[in-house]
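Note that the numbering runs from 1 along the sequence shown for the chain. Quick caveat: nothing in here was measured; it's all calculated off a predicted structure.
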Amino acid sequence: GTGRDGWPPRQSSASKAEFLFKMLLLGDKAVGKSSLLLRYTKNEFNLESRMTIGVEFSIKEVEIDKKRVHCQLWDTAGQERFRTISPQHYRGAHGALLVYDIADASTFDSVESWLQELRSAQVDPNIVLLLVGNKSDLEHIREVSVQEGLKMAEREGMLFTETSALDSSNVNEAFELVVKEIMRRNTQAQLSRSVGGSSLVLGSGENLKLDMNEKGRDKNGKRGKTCC
């Protein structure tokens, strides 16, 4: 049978997906978590995006390496008054995107407190973490450099990229990077168990940059003019 961690592969009668992964979006209010989720799941962007209350839930199915993956995407509120609601939803997560706004340094400074909250919720220590500098279209008012993002990611064992929900730069790639890393780590763990349960040292984000140049543009050089 399938373990509670989504591995080995499961067969869903409804979706025929081979894998089921739970992924979280964490970060301060107004960093664009809901906009990233809307862009990824529906390829849409709404300038009038409303505030998330508590936790909202979306689903997307993708094909990765010829395998169908059912992603449960949990969008958590960034406001302090909802913080006590969120931790109960962290458990069982396979991956998390920790999002900040490159044009607001205070949201970058908050990432460590989100990490602490995530870890105190007793999540799997091998959870895949991706640090996301969102709103890369706001290069002209950037407050957090690409190198600062990379440095934090390296220190905390996270993957790293920058995205723009507004112009869609790197959004699909960011989510799929997390899914691929979840699959890679679980495959390695499964192989380790099958050969006698020897200890397994998981990767901590060797591929830290995702088609980014030093100014945070994507590989096509996109840079938008407004927010999110």
Tell me, do M183 and I64 make a side-chain contact under 4.5 Å, heavy atoms counted? yes
Identified ring-ring contact (aromatic ring centres under 6.0 Å, His included) counterpart of F108 within the set F160, Y100, W114: Y100
Is the side chain of N134 donor-acceptor paired with the backbone N or O of V31 at a distance under 3.5 Å, no angle test? yes
Tell me, please, which residues at least two apart from E112 pass salt bridge (Lys or Arg N to Asp or Glu O under 4.0 Å). R155
On a heavy-atom basis, the closest approach of A103 and L138 is CB-CD1, 4.0 Å
State which residues pass side chain to side chain donor-acceptor pair (under 3.5 Å) with E156; sequence neighbours excluded, sorted by chain then number. R119
Between L129 and L118, is any pair of side-chain heavy atoms under 4.5 Å apart? yes
Go through the steps to decide whether V171 and L36 satisfy the test side-chain contact (heavy atoms from CB on, under 4.5 Å), and finish with yes or no. CA-CA 7 Å; V171 175; L36 284 171; 3.8 Å; yes
Check: L73 and I59 side chains under 4.5 Å, non-hydrogen atoms: no
Of all heavy-atom pairs linking D101 and A30, the shortest is OD2-O, 4.5 Å
Starting from the C-alpha separation in whole Å, work towards a yes-or-no answer on side-chain hydrogen bond (donor to acceptor under 3.5 Å, both in side chains) for Y90 and Q122. CA-CA 8 Å; Y90 294 173; Q122 299 177 325; over 6 Å; no
Spatial distance of atom CG (N170) from atom OG (S136) [nearest 0.5 Å]: 7.0 Å
Tell me whether R185 is salt-bridged to E181, with the criterion being a basic N under 4.0 Å from an acidic carboxylate O. yes
Give me the atom names and distance for the closest heavy-atom approach of V62 to C71. CG2-SG, 4.2 Å
Roughly how far, to the nearest 0.5 Å, is CD1 of I102 from OG1 of T107? 9.5 Å
In Å, rounded to the nearest 0.5 Å, how long is the span from CH2 of W74 to CG of L26? 12.5 Å
Going from CG on L20 to CZ on R68, what distance comes out if it is rounded to the nearest 0.5 angstrom? 13.5 Å
Counting C-beta onward and ignoring hydrogens, is there a side-chain heavy-atom pair between M152 and M158 closer than 4.5 Å? yes
Salt bridge or not for K66 and E18, using N-O below 4.0 Å? no
Evaluation steps, salt bridge (Lys or Arg N to Asp or Glu O under 4.0 Å), between R142 and E162: CA-CA 12 Å; R142 174 190 288 273; E162 290 190 344; 2.9 Å; yes
Return the CG to CG distance between L159 and L98, rounded to the nearest 0.5 Å. 11.0 Å
M23 versus L97: any side-chain heavy-atom pair under 4.5 Å? yes
4.5 Å side-chain heavy-atom contact, V111 and D109: no
Regarding D167 and S164, is there a side-chain donor-to-acceptor distance under 3.5 Å anywhere? yes
Hydrophobic cluster membership, L24 vs L115, 4.5 Å side-chain cutoff: yes
Quick one: do E148 and K151 make a salt bridge, cutoff under 4.0 Å? no
Can you name the nearest heavy-atom pair linking G95 to V178, along with the distance? CA-CG1, 4.1 Å
Do the side chains of R39 and E44 get close enough for a salt bridge, i.e. N-O under 4.0 angstrom? no
K135 (side chain) donor-acceptor with D104 (main chain) under 3.5 angstrom: no
Ignoring hydrogens and angles, tell me if any N or O in the side chain of D65 forms a donor-acceptor pair with the backbone of K67 under 3.5 Å. no
Distance in Å, L166 CG paired with D137 CG, rounded so as to fall on 0.5 Å steps: 4.5 Å
N-O pairing of D75 and K33 below 4.0 Å: no
Test item: side-chain donor near acceptor, D28 and S110, under 3.5 Å: yes
Determine whether a donor-acceptor pair (N or O, by modelled atom type, separation under 3.5 Å) exists between the side chain of H94 and the backbone of I182. no
Ring-face cation contact, F175 with K60, 6.0 Å cut, 45° max: no
Can you get from V132 to L38 by hopping between Ile, Leu, Val, Met, Phe, Trp and Tyr side chains that sit under 4.5 Å apart? no
